[in-house]
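Chain A is the first sequence line, chain B the second, and so forth, proteins listed ahead of strands; every chain is numbered from 1.
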2 protein chains.
Amino acid sequence: MSISKPYLLFLGDVKDELAAKTAHGVLDWRPEWCLGQITLPGCKAHTTLSEMSLTDATEAGAKTMVIGCVNAGGILPDHWIETIVDALNHGLDIAAGLHIELGSIPAIAEAAAKNNRKLHDLRFTDLTFPTGKGDKRSGKRLLTVGTDCSVGKKYSALALQKGLADRNISSDFCATGQTGILIAERGVAIDSVVSDFISGAAEHISPATKDDHWDVIEGQGALHHPSFAGVSLGLLHGSQPDAFVVCHEPTRSTMRGVSAPIPSIQDVIDLTIQLGRLTNPDIRCVGLAINTMMLSENHAKNLIEELGEAHKLPATDPVRFGTDPIIDHICAEFKLV
Amino acid sequence: MSISKPYLLFLGDVKDELAAKTAHGVLDWRPEWCLGQITLPGCKAHTTLSEMSLTDATEAGAKTMVIGCVNAGGILPDHWIETIVDALNHGLDIAAGLHIELGSIPAIAEAAAKNNRKLHDLRFTDLTFPTGKGDKRSGKRLLTVGTDCSVGKKYSALALQKGLADRNISSDFCATGQTGILIAERGVAIDSVVSDFISGAAEHISPATKDDHWDVIEGQGALHHPSFAGVSLGLLHGSQPDAFVVCHEPTRSTMRGVSAPIPSIQDVIDLTIQLGRLTNPDIRCVGLAINTMMLSENHAKNLIEELGEAHKLPATDPVRFGTDPIIDHICAEFKLV
C-alpha cells in the first residue's frame, strides 16, 4: 500500500472528537505525514493542524485527502461527497476507511477518472481468506482488548510495539482497523471481513514467524459489547495471543453507542482467558492500559496505582506515562532480554 | 424471493453427504419442489431422486438448477462452471449459496444474459444493516446452538417451529444460512454479512413482534469452534433468545474441519447462558436435540434417555422421534397453551 504524502485531514461535520479518531490517530503517530485539516460547517472535532482550503492545501504540497472521520455505520453522508469531488478536481488522491468503496459513488468515480487520481479504500482488501483453523503457530503474539470500543486499543498496541522495539525485541504492529492500516500502511480491517472468515483473516494478519518475534495485534470492539463481540471473539481466536493487555477508559458508564453497562476489568480478564484458551491454552494478561485523557495527572497516577494493585498487574497509561511497567513484566514473564 | 420450481439439484463431485447438505435440506423439507439430481463424475453424495441429464430435467419441467453442495470456503470450482453454463443454455435459472456472486463469473453472466435466465445468490442480500444495539425486543425467541457445525441446528429449528405451529402457537422459522433461506424463501445468510454487522443483521432477522409470537432462529457455527465462534456469538447476541436448544452429534470426536475437540453438552449450555445473558438475562436451555442418524434405533433411544437424565432436560432426535418432549417443556416453562 502506497499513499502519496503529505495528507490533508478531512474532519467533515462530525459531532465529537471520537468520531474523528482516524485523523487523530494518523496525526499522533505519523505527524510528519500530515499538513493540515479541512472541516465542514458545524464540525465539533479539530486537530492541532491549521485549517486549510483545498487550494491552500494543494499549493502547500498536499497529495492525498484522508477522510479522517466516520459517522455511525461507516456510511459516507451525501453532503461530504461535494468536498471529495472538489479535492479530486484540485488534484488530490483520496484515502478512506468506509464500509463502501469510494469508487461505487458515481460522482467520485468520475472525478477520479477525469483527474487521473487514486482512490484508496482502507477497509477493502483484494485478499481472500480461508476459514480459521485454530492450529498453533510459531512466534509470540500480544493482543490489546478492551472494556469497551474506542478506549485506546490501537494506541496501546502501537505504544507497546514501540516499547518492545526500543529494547531490541523483534516485533511488528499488526493493524486490524482503518486507522491502524493508515499508520502502518498494511493490515486488514477485520470488521470489514465477511463474518465466515473473521478468524481466518486474523490468522493471516499474524502468520507463523520466528519463535522470538512478537506480533502486537490491535484489538477491535469488546467481548462484552453487544454490537461487536463477534468480531472481538473471531479476532481473539485467530490471534491466539500468548499475552493480552486490557485497555480501559475509566470515565464511561455505558458502552459506546448502546445502553449496556461497562464490564469490570476483572470481567474482561476472566472472559478473555476463558475464551482465548480455545486456541492458546497459555494465554495470560500482562497488564492494564488505562486511558486517562479525561483525568488530571494526579488523579490519573492514583487511579493507575490503585487498579494495578487491585489486579496485581502492571498498569500505566501507555500514551501519557509510557509502557515500561508492562514491557518489564512481559520481559520477566517470557524471559526476554 | 421467488425462485421458479421445480428444482434440479446439482451435487457436483463433492466427497461426502455433509458437503451436499443444501440439496438434502431442500429435498427433506420441500420434497414437492424437487424433481431430480445431477452429479459430476466422482461424486460421493447422492439423494433419493433420479439422476437426470439437463435435457431430461428440462423436458420433465425443471425450472431452476439449485447448487446443492459446497466445497470448503464456499468457492465455486472451475470445473462446475461448464455444467452451470450448460444449464442456463437449457433454459434453467440457477440458485446458489456461494460466497461469490454467480454473475461475477463472466461465462455464467453471459449465458444468463443470452438466455434471459435468473441467477439467485442466496448468500447475498440487498439489505444494509445497522450495528446491533442489544436493546430488548418484544416477542419470544428460540435459537438452536451446537456442539459443532453441521450437527442439525437447521433441521432442529425447522422441526421445533413445526412443533409449535402444530399446537397453534404463533411462530416463524428464521433462516440464517443458504439452505434455510432456500427452504423458507427468506432470511439472511449471517456468515456472509460484513462482520461489523453480525449482531445487527441478527436483530433484523427476528424483529420486535407480538408478545406471544415465537421466532425459531436457525443457529450457525458453534461457540467452541475456532473457525466460526465469532459468527455464533454475534448471532447469539443479536437473537437475544429466551430459550435455546443444544444440538449434538454423538459420533464426532473433533470439530468439523479442525483439530479442536468437541465440547461437552454441559460446556455448551454453560457458555451459551454466560454469553447470552448480555442481551437476555433470562436465557435458558429448554432441551437437547441429538442427531442419531449414525446410530441404531435402540442405541439412539438409550443415548437420548441417558443424555436427558444427565442434564435434567428433555431430549429427543427431532427428525427421528419428533419434538414433543421439548415442545411440552417449552409450554410448561413459558406457560403456553
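In terms of heavy atoms, A/Ser192 sits closest to B/Ser195 at N-OG, 4.0 Å. Residues B/Asp191 and A/Val194 share a closest heavy-atom pair of O-CG1, 3.1 Å. Scanning both residues, B/Arg123 and A/Asp196, for their nearest heavy atoms gives NH2-OD2, 3.7 Å. Here the closest heavy-atom approach between residue A/Pro226 and residue B/His237 is recorded as O-CB, 4.1 Å.
Note: A/Phe228 CZ to B/Ile198 CD1 = 11.0 Å, rounded to the nearest 0.5 Å. With rounding to the nearest 0.5 angstrom, the OG atom of B/Ser199 is 9.0 Å from the NE2 atom of A/His225.
Interface remark: of the candidates A/Leu275, A/Asp135, A/Val258, A/Leu278, A/Leu278 forms the most heavy-atom pairs closer than 4.5 Å to chain B. Comparing B/Ala189, B/Gly230, B/Gly238, B/Gly221 by heavy-atom pairs within less than 4.5 Å of chain A, the highest count is held by B/Gly230. Annotation: maximal heavy-atom pairing with chain B below 4.5 Å, among A/Ala229, A/Ser259, A/Gly134, occurs at A/Ala229.
The part of B/Gln274 that comes within reach of chain A is its side chain, from C-beta onward, which places non-hydrogen atoms under 4.5 angstrom from that chain. Only the side chain of B/Leu271 comes within contact range of chain A, with heavy atoms under 4.5 Å apart. In this structure, chain A has no heavy atom under 4.5 Å from any part of B/Leu236. For A/Leu235, no part lies near chain B; criterion is any non-hydrogen pair under 4.5 Å.
For B/Asp78, the CG atom sits in a loose shell: 12 or fewer heavy atoms of surrounding residues, nucleotides or ligands are nearer than 6.0 Å.
Not one N or O on the side chain of B/Ser227 forms a donor-acceptor pair closer than 3.5 Å with the backbone of A/Thr131.
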